[in-house]
Amino acid sequence: MSDTILVQQHAGWVEITLNRPDRLNSFNDEMHLALRAALEAARDDGARCVLLTGTGRGFCAGQDLGDRDPAKMTGKPDLSQTLKKFYIPLVTLIRSLELPVICAVNGVAAGAGANVALACDIVLAADSAKFIQSFANVGLVPDAGGTWSLTRLLGPARAKGLALTATPIKAKQAEDWGLIWQALPDDELMPAARAMAEKFANGPTVGLGLTKQAINAATTQSFDEQIEMEARFQKICGESPDYAEGVSAFLQKRKPNFTGERE
C-alpha cells in the first residue's frame, strides 16, 4: 500500500491518516487513489466506523498545486478532469458509506482539504485548526462539494463570505457557526475522536448508517418523500437484531450488545 496514507485497524473500526506532512497532506494522484482504496477496503471488510485524520501540523491543504502548475504544462489545464477522476469519486464515496465517518481535523484544512472534511459525518477539530476556502486566492471556485456544503451548513451569506474572501476561520468559530460538530483542545482531539469511533463501532450501526443516509437525502427531498424514506428505513431497523437487543437491554436495565447485523 502507498505510504501516502497510514491505515490502523481497530476492533470494528479503521483509522486512516493522510501522510504527506511535508506538503501539509495535500493531495497528489497517488494519495487520492490510496485513500479511496482504504475507504473501499474498510467498507468491504465490514468496518462499522472510519476515522480520518492527518499527520503533522495540517489535516490537508487541498490539491498539491505543484502537480497542476500551468507553467509546466504544454496546454491549458482542464481542472474538471481532476474533479471527475479524483475528488468527486472521493467525496461521493465518503457520503455513500453506510457507516459513520469521523474527521479529526488536526491542523489547517484548506481548499479541497476543508471540503473533504465537510463531506464526513462528524467533524471534530483541534482548537488550533483553521478552515480556509482558499480557492479565491488562485482564481478558482470551491470544489469537492464545497459550494454545496457551505451553503447548506451556513446559508448563502456566510458561504459567499468565506468563499469570496478566502478568510480563514478557527475551529471554535466553525463550531459556533455550525460548520463542524465540535472544537476541542489540541491534546484532546485524537483521544475524543478515537473514543467516538469505538462507540460508533459498538453501536447499532444499521440504524446509524440509515440515519446518515436519511439526513443526506433531506437536503433534496420533499417532506412527503422524506417521511416515506423514514418509514422504509424504520422497517429495516425494526427487523434488525440491534433493535431487539436494544429494547431487551433497556427493559432489563443492562448495557446492549449491538452487532451491526441486518438480519
Side-chain angles (χ1 to χ4, degrees), residues 7-17 35-53 90-105 116-125 149 152-153 178 180-182 184 188-263:
V7 178
Q8 186 173 0
Q9 302 286 343
H10 298 268
W13 61 281
V14 177
E15 183 172 332
I16 302 174
T17 305
L35 176 56
R36 199 187 317 166
L39 290 167
E40 290 170 344
R43 175 197 63 197
D44 296 342
D45 293 343
R48 297 169 68 185
C49 183
V50 167
L51 170 59
L52 178 64
T53 191
L90 174 59
V91 295
T92 300
L93 175 60
I94 290 171
R95 286 177 53 82
S96 67
L97 290 174
E98 294 185 13
L99 50 89
V101 180
I102 303 165
C103 186
V105 179
V116 167
L118 297 180
C120 298
D121 303 307
I122 300 285
V123 183
L124 307 176
S149 297
R152 281 160 177 77
L153 292 170
I180 66 171
W181 173 240
Q182 192 174 18
L184 295 162
E188 295 179 16
L189 174 66
M190 293 312 299
R194 289 171 180 141
M196 179 179 285
E198 183 175 358
K199 180 178 179 179
F200 283 153
N202 288 290
T205 39
V206 172
L208 297 180
L210 292 175
T211 297
K212 167 181 175 172
Q213 289 184 50
I215 291 174
N216 285 344
T219 58
T220 57
Q221 293 194 137
S222 69
F223 179 75
D224 289 343
E225 290 171 329
Q226 193 69 19
I227 58 177
E228 284 299 320
M229 172 178 276
E230 291 172 355
R232 292 196 307 274
F233 285 180
Q234 208 70 305
K235 181 178 188 299
I236 295 170
C237 290
E239 294 173 349
S240 73
D242 281 348
Y243 174 69
E245 169 63 11
V247 173
S248 295
F250 175 80
L251 294 175
Q252 296 168 17
K253 295 182 174 56
R254 60 174 176 81
K255 184 178 179 180
N257 181 26
F258 295 119
T259 64
E261 297 175 358
R262 280 185 175 257
E263 298 177 356

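Quick note: numbers below take in every heavy atom, side chains included, and nothing from hydrogens, waters or symmetry partners.
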Test side-chain hydrogen bond (donor to acceptor under 3.5 Å, both in side chains) applied to Q226 - qualifying residues, sequence neighbours left out: Q221
Residue pair V50 / I102, side-chain heavy-atom distance below 4.5 Å: no
Nearest heavy-atom neighbours spanning A117 and V105: CB-CG2, 4.1 Å
Non-neighbouring partners of V91 that pass side chain to side chain contact (heavy atoms under 4.5 Å, CB included), sequence neighbours left out: V116, A119, A144
A201 to C49 - nearest heavy-atom pair and separation: N-CB, 4.2 Å
Flag, side chain of T53 to backbone of A104, donor-acceptor distance under 3.5 Å: yes
Heavy-atom side-chain contact between V7 and V14 under 4.5 Å: yes
Test item: K212 side-chain N/O and E98 main-chain N/O as donor-acceptor pair under 3.5 Å: no
Side chain to side chain contact (heavy atoms under 4.5 Å, CB included) between L51 and M190, intermediate numbers included: CA-CA 10 Å; L51 170 59; M190 293 312 299; 4.0 Å; yes
Euclidean distance, I94 CD1 relative to L99 CG, rounded to 0.5 Å: 11.0 Å
Nearest heavy-atom neighbours spanning L52 and C120: CD2-SG, 4.3 Å
Rounded distance (nearest 0.5 Å) linking atom NE2 of H10 with atom CH2 of W13: 3.5 Å
Residues that S222 engages under side-chain hydrogen bond (donor to acceptor under 3.5 Å, both in side chains), provided they are two or more places apart: E225
4.5 Å side-chain heavy-atom contact, L210 and C237: yes
Heavy-atom side-chain proximity of L39 to I16 below 4.5 angstrom: yes
Residue pair R36 / L93, side-chain heavy-atom distance below 4.5 Å: yes
Residue pairs involving residues 236-247 (criterion side chain to side chain donor-acceptor pair (under 3.5 Å); sequence neighbours excluded): K235-E239, E245-R254
Interatomic spacing from CE in M229 to CD1 in I227 - rounded to 0.5 Å: 12.5 Å
Side-chain (R48) to main-chain (G203) donor-acceptor, under 3.5 angstrom: yes
Euclidean distance, D45 CG relative to E40 CD, rounded to 0.5 Å: 11.5 Å
4.5 Å side-chain heavy-atom contact, N202 and F258: no
Would you list the atom pairs, donor with acceptor, under 3.5 Å between side chains in residues 193-200 and any protein atom, with sequence neighbours excluded?
residue: R194; atom: NE; partner: E15; partner atom: OE1; Å: 2.9
residue: R194; atom: NH2; partner: E15; partner atom: OE2; Å: 2.9

Student check: side-chain heavy atoms of L208 and P100 closer than 4.5 Å: yes
Non-hydrogen side-chain atoms of V206 and I236 separated by less than 4.5 Å: yes
Distance in Å, T205 OG1 paired with R262 CZ, rounded so as to fall on 0.5 Å steps: 9.5 Å
Contacts of E228 that satisfy side-chain hydrogen bond (donor to acceptor under 3.5 Å, both in side chains) - sequence neighbours left out: none
